[in-house]
There are 2 protein chains.
Amino acid sequence: MGKAGTLRDYLRHRGLKVTHQREEIAQTFLDSTRHLSAEELYRLIQKGHPEMGLSTIYRTLKLLVEAGLASQREFGDGITRYEPVAGGRHHDHLICVNCGAIIEFQNQKIEELQKEVAENNNFTVLQHKLELYGYCEKCRRH
Amino acid sequence: MGKAGTLRDYLRHRGLKVTHQREEIAQTFLDSTRHLSAEELYRLIQKGHPEMGLSTIYRTLKLLVEAGLASQREFGDGITRYEPVAGGRHHDHLICVNCGAIIEFQNQKIEELQKEVAENNNFTVLQHKLELYGYCEKCRRH
DNA sequence: CCAATTTTGATTTTGATTTTCAATTTCAAT
DNA sequence: ATTGAAATTGAAAATCAAAATCAAAATTGG
């Protein structure tokens, strides 16, 4: 509930309307496993709400990003994926170029060094993406 | 010459043909300033070669990536950009979400920590991307 | 409940990238 | 140099995710 509530807050704050669709999309998205494309979320939601339009998914995902509840990613296959911003818990990705596996990791020291770099450049960081591409444990056999 | 020569080597190695177009595209691309989109490179090349087709630009950029001479980037505006891989000199990016400015930086410590992370996950890194999004010096006035 | 405003969803459109295909070019073997 | 098989080119058409349209429906403050 906490999360869906946050979207509600954002909508009210901006004078936008709280609709069933937005609530349902936020709910499903925030409770989901990570890295969903608009299309994937659409299919997921259609199980319970066959009348839901794909446009609304796109629109609501954009709202979730604006509200800071989702982050948008492009992993290079031409499809934009979204991932819930889990209560500030940031993480980065190892991406297997062979099997497509996505492994998450977290490293505090790297985060700190990033802040340092930003400061040295008089840059205010809002968000960052760190992605390591290569072969995962299974695919290491060239 | 050195760089265009390398594409030639790659083509021969793969049994592909060395064409005027490929030579010209590689030349112009590798000598260019950074972060070119296919369209931008197209316009650039058309000045001297009005007959060059856009498809060929796309195809050759793909070859350059395969040959390890270009790296492909998506900064979130829906346009794929390519950048010459300058003799192994790696760098990352600060991207201003307001004015679109792209500032390059380099940090050896971060690189090392990335290697560490990869090792801990039994992951072989081929390539990585680190992008910090936010406000540049000029755009810091919210 | 009402009216003003926003949102929805079906559909169309956009725009970057890819594919198709006939004509041309490359290149290894003559 | 010439040949011919195989690859490449450019123009046009196809793709496909994402954005825009717009009439009908839903939301919300009064």
Side-chain angles (χ1 to χ4, degrees), chain A residues 4 7-29 35-67 70-82, chain B residues 4 7-29 35-67 70-82:
Chain A
L7 176 63
R8 215 175 291 144
D9 291 347
Y10 175 76
L11 293 172
R12 293 211 173 108
H13 172 60
R14 295 245 341 234
L16 301 172
K17 290 177 179 174
V18 178
T19 65
H20 298 144
Q21 289 92 333
R22 285 172 177 172
E23 297 260 82
E24 177 57 31
I25 293 169
Q27 184 89 122
T28 303
F29 173 71
H35 314 304
L36 283 175
S37 67
E39 200 75 44
E40 283 164 349
L41 182 55
Y42 178 53
R43 278 184 238 119
L44 207 57
I45 285 178
Q46 281 222 319
K47 291 178 189 170
H49 300 261
E51 75 292 352
M52 182 85 68
L54 180 54
S55 317
T56 305
I57 307 282
Y58 276 107
R59 288 187 283 231
T60 305
L61 280 170
K62 196 181 276 187
L63 285 173
L64 284 163
V65 171
E66 287 169 21
S71 73
Q72 192 175 328
R73 310 246 165 194
E74 336 241 340
F75 291 125
D77 59 354
I79 295 168
T80 305
R81 284 158 199 289
Y82 298 84
Chain B
L7 175 64
R8 214 175 291 142
D9 292 346
Y10 174 77
L11 292 173
R12 293 212 172 104
H13 173 60
R14 295 243 343 232
L16 301 173
K17 291 178 176 172
V18 178
T19 65
H20 297 145
Q21 288 92 333
R22 284 172 177 172
E23 298 259 83
E24 176 57 31
I25 292 169
Q27 185 87 124
T28 303
F29 173 71
H35 314 303
L36 283 176
S37 67
E39 199 75 43
E40 284 164 350
L41 182 55
Y42 179 54
R43 276 184 239 121
L44 209 56
I45 285 178
Q46 280 222 318
K47 291 178 189 169
H49 300 262
E51 75 292 353
M52 182 85 68
L54 180 54
S55 318
T56 305
I57 305 283
Y58 274 105
R59 288 187 282 230
T60 305
L61 279 170
K62 195 181 275 186
L63 285 172
L64 285 163
V65 170
E66 287 168 22
S71 72
Q72 194 174 327
R73 309 246 165 194
E74 336 241 342
F75 292 125
D77 60 355
I79 295 168
T80 305
R81 282 158 200 289
Y82 299 83

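Computed from heavy atoms alone, side chains included, the values below leave out hydrogens, waters and symmetry copies. Letters A, B, ... mirror the listed sequences (proteins, then strands); counts begin at 1.
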Whole angstrom is fine here: how far is it from CG in A:L36 over to P in D:dA18? 13 Å

Between A:Y10 and the options A:R14, A:R12, A:H13, the side-chain hydrogen bond (donor to acceptor under 3.5 Å, both in side chains) test singles out A:R14

Are the side chains of A:I57 and A:E39 in touch, meaning some heavy atoms are under 4.5 Å apart? no

Which part of the nucleic acid does B:S37 contact within heavy-atom distance under 4.0 Å: base, sugar-phosphate only, or nothing? nothing

Taking only side-chain nitrogens and oxygens of B:S55, does any of them come within less than 4.0 Å of OP1 or OP2 of D:dA11? no

Within a strict 4.5 Å, meaning less than it, do heavy atoms of the B:R81 and B:E40 side chains meet? yes

Answer for the Watson-Crick or wobble partner of D:dA14, both distances under 3.5 Å, is C:dT17

To the nearest 0.5 Å, atom CG of B:L41 lies from atom CD of B:Q46 at 10.5 Å

Under 4.0 Å: is that the gap between some side-chain N or O of B:H20 and OP1 or OP2 of D:dT8? no

Within the pair A:Y58 and D:dA18, is there a side-chain N or O less than 4.0 Å away from OP1 or OP2? yes

Length of the CG-P vector between A:L63 and D:dA19, whole Å: 12 Å

Could you tell me whether the side chain of B:K17 has a donor or acceptor atom within less than 3.5 Å of a complementary atom in the base of D:dA6? yes

How many Å lie between CZ on B:R14 and P on D:dA7, as a whole number? 11 Å

Measure the distance from CZ on B:R59 to P on D:dA11 and round it to the nearest whole Å. 11 Å

In this structure, how many angstroms lie between the C1' atom of D:dT28 and the CZ atom of A:R8, rounded? 15 Å

The side chain of A:A38 is closest to which nucleotide in this list: D:dT9, D:dT27, D:dA18? D:dA18

Take atom CG of A:L61 and atom C1' of D:dA18, then tell me their distance rounded to the nearest Å. 12 Å

Along DNA chain C (nearest heavy atom to each residue), the more 5'-positioned of B:G78 and A:R22: A:R22

Start and end of the DNA chain C segment that chain B contacts, any atom under 4.0 Å from a heavy atom: C:dA16 to C:dC27

Side chains of A:Q27 and A:L7: closer than 4.5 Å at any heavy-atom pair? no

As a test of understanding, state which of B:T19, B:V65, B:I25, B:I45 forms a side-chain contact (heavy atoms from CB on, under 4.5 Å) with B:T60. B:I25

Length of the line joining A:E51:CD and D:dA24:C1', which is rounded to integer Å: 15 Å

Measure across B:M52 and B:Y42 and return the closest heavy-atom pair with its distance rounded to 0.1 Å. O-CE1, 3.2 Å

Just how far, in rounded Å, is P of D:dA26 from CG of A:L11? 18 Å

First of B:G15 and B:L54 reached from the 5' end of DNA chain D, by closest nucleotide: B:G15

Hey, does the side chain of A:Q21 come within less than 4.0 Å of D:dA26's phosphate (OP1/OP2), counting only N and O? no

For B:T56 and D:dG10, is the shortest distance between a side-chain N/O and OP1 or OP2 below 4.0 Å? yes

Hey, are the side chains of A:L64 and A:Y82 touching, using non-hydrogen atoms and a 4.5 Å cut-off? no

